[in-house]
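Input: one structure, supplied below.
For the numbers below, each heavy atom of this structure counts, side chains included, while hydrogens, waters and symmetry mates do not. Just so we're on the same page: letters track the sequence lines, and every chain starts at 1. Computed from a prediction, not measured in an experiment: that's the story for all the values here.
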Number of protein chains: 2
Amino acid sequence: MVRIIENLNLSEQVTNDLGRAIVAGEYSCESGLPTEAQLCEEYGISRTAVREAVKMLAAKGLISSRPRQGISVEQPSNWNLYDTSVLSWLLDSSPSLHVLKEFLQMRLAIEPQAAALAAEFARDEDIDQIEKAVEAMRTAATDPSASMHDADLAFHTSVLFASRNRFFFQLRDFIRTALNVSIQHTTPAKANDVAVAEDHAKICLAIRNRQPERAKNLMTHLIDEAMSFIEAEIKRRS
Amino acid sequence: MVRIIENLNLSEQVTNDLGRAIVAGEYSCESGLPTEAQLCEEYGISRTAVREAVKMLAAKGLISSRPRQGISVEQPSNWNLYDTSVLSWLLDSSPSLHVLKEFLQMRLAIEPQAAALAAEFARDEDIDQIEKAVEAMRTAATDPSASMHDADLAFHTSVLFASRNRFFFQLRDFIRTALNVSIQHTTPAKANDVAVAEDHAKICLAIRNRQPERAKNLMTHLIDEAMSFIEAEIKRRS
DNA sequence: TAAAGCATATTATAATACAAAAGTAATAAT
DNA sequence: ATTATTACTTTTGTATTATAATATGCTTTA
């Protein structure tokens, strides 16, 4: 029986359940999925709900279905990894340290360029938003009741927004997920937090001063630090 | 009535039709979509087909639906732009020169980093693939019957693959679309093609010689050329 | 042997019915 | 008069049944 999750209707729950199973490799490309009729029986639900789940998974690139052939699993390279659900299913099934490295490689591509674009194209109110996040980080660095992580997320999201390019801003969920995974592997060392906040402040200042190259380099440095930490962690564990 | 497209079943056709209309702004966030019943009547189809289309659009982040409230359009910032369908709907409705600039800003983030990763992590067979694409470009540069564009696409795709990071490779459809839009705005100047092919060859060589920084810089230069061309074009038309 | 047709399994579409959710209006109680 | 409760209404959510379309394999036939 499907795990019940609040606020999700039946077809969405089945989507979640099947999506998770597919990404976890419980159904291979060769074997495919059970037929609609079998899924109805397994879950004890109507064909309507099963079909709607199948359609949603197909829309995310995980499966495809044809008459007489049944439901087949698409190659993982066709899965839409930038879909929030697919991403969460992926994290549920993969050793997160390895995925984290991939995340950081991606962030190293996206965020420095976003910072550069922000320095070039951000509106004043965008920069105010970034500064607000920096202030929140400064507060959180000393105040134990405030969340450093939330402020950090707000910072990176607002930079993406300030890039004024929707393809960059669209990646905010991706970045959010990456940050979530990061803190799972970070020892809570409040000692560095003040310095970290100031590193972020520098980026904000570079953007406000309209220095694209400087903003880019500072952002690269910021993420590179996290990267070197993770690489050390990977080496330590192997 | 919905436009008939080959190889698409009814619910997929309706998905296409509604998706296009939503992205084109024919339904706003405030107004929302017609009710399922109304859509059935408009398209002259059953509720089954309409609901499946609605579910697929919801899976792509374009809409959401609730009892009594009907179907509402999500904010554009929630649309999954990295979905191939959504991307094509976007191109159908936006002035492509502006979108093209956003594409190039994104490519400028992704591809140089992908080249650097390829130089670091690519397997030998990955590099062979890149080289094959380079050879195809060289051929196409002089042979009018061969397609320069196809070879170009193969090159960029194989570099993404060689990065050995699935988040990068996942963007191949995005890059493909970007290249397609590019050639719509490029005057077919076969004169440069030989030089262009050699620029690509240099990147391939840098990757084979395991020079991440060099590969990155060369790729940046390559895309920057396209960018400056587009910016000139935008200025010319304004 | 090859082509045509037939059987069969599975998804695709339709139609209908009822349940659930969420507003809205009417009613009752204080 | 205000608030709480109830009943009603609209729309999506789920179930059921039936039939069509599609693709595959098998069988028959020329």
A:L8 atom CG is separated from D:dT14 atom P, nearest whole Å, by 10 Å
Does D:dA15 have its OP1 or OP2 closer than 4.0 Å to a side-chain nitrogen or oxygen of A:S46? yes
Examine C:dA12: is either OP1 or OP2 under 4.0 Å from a nitrogen or oxygen in the side chain of B:T48? Give yes or no. no
A:Q75 CD: over 12 foreign heavy atoms closer than 6.0 Å: no
Report, as yes or no, whether the 6.0 Å neighbourhood of atom CD on B:Q38 holds more than 12 heavy atoms from other residues, nucleotides or ligands. yes
Indicate for each nucleotide in nucleotides 6-11 of chain D, in 5' to 3' sequence, whether protein heavy atoms under 4.0 Å reach the base (B), only the sugar-phosphate (S), or nothing (-). ---BBB
Whichever of B:R47 and B:E52 has its nearest DNA chain C nucleotide further upstream toward 5': B:E52
Could you check how far NZ of B:K55 sits from P of C:dA12, rounded to whole Å? 17 Å
Rounded to the nearest angstrom, tell me the gap between atom OH in B:Y43 and atom C1' in C:dA15. 21 Å
So, for B:F174 and B:F103, is the gap between ring centers shorter than 6.0 Å? yes
Spacing between A:E12 atom CD and D:dT12 atom P, to the nearest angstrom: 15 Å
Using a strict cut-off of less than 4.0 Å between a Lys/Arg side-chain nitrogen and an Asp/Glu carboxylate oxygen, indicate whether B:R138 and B:E135 qualify as a salt bridge. yes
For residues A:A53 and A:S11, report the shortest heavy-atom separation together with the two atoms involved. CB-O, 3.6 Å
Counting side-chain heavy atoms from C-beta on, which of D:dA18, D:dT14, D:dA15 comes nearest to B:R51? D:dT14
Rounding to a whole Å, what distance do you find between B:Q13:CD and C:dA12:P? 13 Å
Test the A:R166-A:F169 pair against the cation-pi criterion, namely NZ or CZ under 6.0 angstrom from the six-membered ring centroid and within 45° of the ring axis. no
May I have the distance from B:L10 (atom CG) to C:dA12 (atom C1'), rounded to whole angstrom? 9 Å
Ignoring backbone atoms, establish whether B:S65 has a side-chain N or O less than 4.0 Å from OP1 or OP2 of D:dG13. yes
Considering only NZ, NE, NH1 and NH2 on the basic side and carboxylate oxygens on the acidic side, decide whether B:D126 and B:R164 come within less than 4.0 Å. yes
What is the separation between atom CG on B:N9 and atom C1' on D:dA23, rounded to the nearest whole Å? 15 Å
D:dA23 C1' sits how many Å from B:N7 CG, rounded? 14 Å
